[in-house]
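Here is the structure we will look at, set down as structure tokens.
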Amino acid sequence: MEEKEEESKEREESNENAQNDSETQENAQDAGASNEAPSDGGQENSSQTEEKGEDKEPSLEEKVAALEKENAELKDQLLRRAADFDNYRKRTIKEKQDAYDYANTALLQDLLESLDNLDRTVEAAQKANDAASIAEGVKMISSSLISMLEGKYNLKAFGQAGEDFNPDLHEAIGSSQEDVEKPLLKEVYLKGYKLKDRVIRNAKVMVSMPKEK
């Protein structure tokens with residue numbers, strides 16, 4: 001009887017030890033699973049962070065829309081520049097034409113005084129009995145006009161009888177043989193004029209030529 005009781009106790013102890021070992025293994029597996037779980041979650045979080053950090057590549061439609069917008073802006077800039085250039089060209093042409101049309105404005109304004117004096121002289125001549133006074137008035141107007149043109153516009157008259165004949169300055173409209181050693185101006189029909197150093201009208205003259213020997 002005692003032997004049977006001892007065997008029964010040994011079996012019970014063996015069953016308890018096996019049960020404890022099984023529970024220990026299950027606890028160890030649960031603990032390992034719980035330790036691995038955070039590791040997987042960390043990898044997922046890291047992957048999501050990387051995806052968020054990367055720029056999303058634009059689609060084909062977005063690229064086309066961006067290029068169309070850029071093209072429209074460039075076209076608008078080109079049209080504006082073309083319009084500005086056309087306005088500049090028109091303004092330049094107008095300024096040149098105005099400069100040509102009104103180049104003599106200052107000269108004409110200065111001539112108005114002489115014209116006014118001539119009008120007064122004509123009115124006085126209709127009532128005057130003395131021709132000498134009329135001639136004196138005209139002479140004064142001529143002298144004033146020449147003085148203004150010479151002093152303000154560098155216009156100089158040339159050509160007087162007795163001067164040497166110069167074909168660059170004088171236009172001979174006739175000649176006669178005289179007792180002279182070289183060609184001289186015998187008469188001046190129209191004075192010549194220079195604007196600074198440029199001849200703007202040759203003097204029309206009669207020339208005395210040396211006699212042929």
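- In this structure, Glu187 CD and Ile173 CD1 are separated by 8.5 Å, a value rounded to the nearest 0.5 Å.
- Contact record, Thr121 with Ile134: CG2-O, 4.3 Å, taken as the closest heavy-atom pair.
- Heavy atoms only, all atoms of each residue included: Glu150 and Ala157 are closest at OE2-N, 4.3 Å.
- For CD of Glu113, the number of neighbouring non-hydrogen atoms (other residues, nucleotides, ligands) closer than 6.0 Å is 12 at most.
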From CA spacing to verdict: side chain to side chain contact (heavy atoms under 4.5 Å, CB included), His170, Phe158: CA-CA 9 Å; His170 310 124; Phe158 62 87; 4.2 Å; yes

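- Looking at heavy atoms from C-beta onward, Lys211 lies in side-chain contact with Asp179 at the 4.5 angstrom threshold.
- Nearest heavy-atom pair, Lys186 versus Ala161, reported as atom, atom and distance to 0.1 Å: O-CB, 3.6 Å.
- At distances below 3.5 Å, not a single donor-acceptor pair connects side-chain atoms of Asp164 with backbone N or O atoms of Leu184.
- Between Glu62 and Glu57 there is no side-chain heavy-atom pair separated by less than 4.5 Å.
- Gly159 and Leu185 get closest at one heavy-atom pair: CA-CD1, 4.4 Å.
- At a threshold of 4.5 Å between non-hydrogen side-chain atoms, the residues Ser208 and Ser175 do not count as touching.
- When hydrophobic residues (I, L, V, M, F, W, Y) are linked wherever their side-chain heavy atoms come within less than 4.5 Å, Leu78 remains an isolated member.
- Contact between Arg201 and Leu190 at its shortest, heavy atoms only, is NH2-CB, 4.0 Å.
- Once rounded to the nearest 0.5 Å, the distance linking CD of Glu171 with NZ of Lys204 reads 3.5 Å.
- Side-chain contact between Met140 and Asn117 is absent, with no heavy atoms from C-beta onward closer than 4.5 Å.
- Taken from CE in Met209 to NZ in Lys182, the straight-line distance is 13.0 Å, to the nearest 0.5 Å.
- Under the 4.5 Å side-chain contact rule for hydrophobic residues, Met206 and Val188 do not share a cluster.
- Side chain of Ser143 to backbone of Lys139: no donor-acceptor contact under 3.5 angstrom is found.
- Few gaps surround CG on Asn87; more than 12 heavy atoms of other groups in view lie less than 6.0 Å from it.
- By the 4.0 Å N-to-carboxylate-O rule, Asp86 lies close enough to Arg89 to be salt-bridged with it.
- Its side chain within the 4.5 Å cluster rule, Tyr153 clusters with Leu107, Leu108, Leu111, Leu145, Met148, Leu149, Leu155, Tyr193, Leu195, Ile200 among the Ile, Leu, Val, Met, Phe, Trp and Tyr residues.
- Each of Lys94, Lys90, Lys96 was checked for a side-chain contact (heavy atoms from CB on, under 4.5 Å) with Thr92, and the lone residue meeting it is Lys96.
- We find the CG-CD1 distance between Asp98 and Ile93 to be 12.0 Å, quoted to the nearest 0.5 Å.
- Note on Asp116 versus Arg120: no salt bridge recorded, every NZ/NE/NH1/NH2 to OD/OE distance being 4.0 Å or above.
- Heavy atoms only, all atoms of each residue included: Ser114 and Ile141 are closest at O-CG2, 4.0 Å.
- Connectivity analysis of hydrophobic side chains (ILVMFWY, heavy atoms under 4.5 Å, direct or indirect) links Leu79 to nothing; its cluster partners are none.
- No donor-acceptor distance shorter than 3.5 angstrom exists from the side chain of Asn202 to the backbone of Gly192, with no hydrogens or angles considered.
- Remark: side-chain polar atoms of Asn71 are not paired, donor with acceptor, to backbone N or O of Leu67 under 3.5 angstrom.
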